[in-house]
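To start, the structure under review is shown below, and the notes come after it.
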Amino acid sequence: MKHLLPLFASDFYFQMDWQGQKLAEQIMQVMLLVFAVVSFGAGYVLGSFQMMMLVYAGGVTLTALITIPNWPFFNRHPLKWLDLSEAEKHPKPQVAVSSKKKSTKK
């Protein structure tokens with residue numbers, strides 16, 4: 001997969017932990033709502049649909065700059081994966097296959 005990334009991007013760490021993803025989504029939702037209200041208010045007071053759209057577009061851009069990159073505060077709870085040698089010591093879980101079918105009454 002590393003060969004699919006551009007040369008300049010191969011050195012970046014692109015994974016975000018689960019809590020970081022949740023935080024990013026919450027920040028995004030709050031910021032978009034706040035900018036929607038602010039842009040509507042600005043457009044209403046100024047009587048300008050264009051100003052409303054510009055304020056909202058700026059808010060969307062700022063929201064994207066804050067929530068899309070993998071900032072360090074989104075990685076406060078990294079997942080700890082087992083090493084391959086440690087994982088091989090533990091048996092893999094077996095999936096129980098049930099051959100009994102439930103009868104359906106019509």
Side-chain angles (χ1 to χ4, degrees):
M1 168 127 164
K2 195 171 186 177
H3 66 280
L4 298 176
L5 296 174
L7 293 175
F8 65 89
S10 63
D11 296 330
F12 293 105
Y13 182 68
F14 286 109
Q15 295 180 351
M16 187 183 299
D17 61 51
W18 294 106
Q19 286 87 359
Q21 290 177 9
K22 183 178 179 181
L23 177 63
E25 183 177 355
Q26 289 172 341
I27 291 171
M28 178 201 64
Q29 290 175 351
V30 168
M31 287 184 72
L32 288 178
L33 181 65
V34 167
F35 277 109
V37 170
V38 169
S39 67
F40 179 79
Y44 184 78
V45 168
L46 298 174
S48 172
F49 182 77
Q50 181 180 9
M51 183 56 67
M52 179 185 76
M53 293 306 294
L54 287 173
V55 171
Y56 189 67
V60 169
T61 303
L62 182 63
T63 300
L65 289 174
I66 290 174
T67 58
I68 292 176
N70 188 24
W71 299 108
F73 61 89
F74 290 137
N75 290 315
R76 292 184 182 162
H77 309 284
L79 295 174
K80 293 181 175 63
W81 295 91
L82 289 177
D83 293 328
L84 184 58
S85 61
E86 185 68 27
E88 289 173 350
K89 293 178 185 177
H90 301 286
K92 295 179 182 174
Q94 299 296 324
V95 177
V97 178
S98 177
S99 62
K100 296 180 183 179
K101 292 184 180 179
K102 293 183 180 179
S103 61
T104 58
K105 295 182 182 180
K106 293 183 180 178

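Only heavy atoms go into these numbers, but all of them, side chains included; no hydrogens, no water, no symmetry mates.
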Fill in the blank from the handout: All heavy atoms of Phe35 vs all of Leu62, minimum pair found to be CZ-CD2, 3.8 Å

Practice task
For residues Gln26 and Val30, determine if any side-chain heavy atom of one lies less than 4.5 Å from a side-chain heavy atom of the other.
Solution key: no

Exercise for the section: Measure across Met16 and Asn75 and return the closest heavy-atom pair with its distance rounded to 0.1 Å. Expected result: CA-OD1, 3.3 Å

Exercise for the section: Start with the C-alpha distance between Val38 and Tyr56, add both sets of side-chain angles, then the distance that settles side chain to side chain contact (heavy atoms under 4.5 Å, CB included), and finish with yes or no. Expected result: CA-CA 8 Å; Val38 169; Tyr56 189 67; over 6 Å; no

Practice task
Mark yes when over 12 heavy atoms from residues, nucleotides or ligands other than Phe73 sit less than 6.0 Å from its CZ; otherwise mark no.
Solution key: yes

Exercise for the section: Examine the side chains of Glu25 and Gln21 and answer whether a donor and an acceptor come within less than 3.5 Å of each other. Expected result: no

Handout entry: Same cluster (ILVMFWY, side-chain, under 4.5 Å), Met53 and Val60
Key = no

Exercise for the section: Measure across Ala64 and Pro69 and return the closest heavy-atom pair with its distance rounded to 0.1 Å. Expected result: O-CD, 3.4 Å

Fill in the blank from the handout: Between His77 and Asp17, the two heavy atoms sitting closest are N-OD2, 2.9 Å

Exercise for the section: Would you kindly confirm whether Met28 and Val55 end up in one hydrophobic cluster when ILVMFWY residues are joined by side chain heavy atoms under 4.5 Å apart? Expected result: no

Practice task
Go through Trp71 and Leu23 one step at a time and tell me if the side chain to side chain contact (heavy atoms under 4.5 Å, CB included) criterion holds.
Solution key: CA-CA 11 Å; Trp71 299 108; Leu23 177 63; over 6 Å; no

Problem - Nearest-0.5 Å distance that lies between atom CG in Leu54 and atom OG in Ser39 - result: 10.5 Å

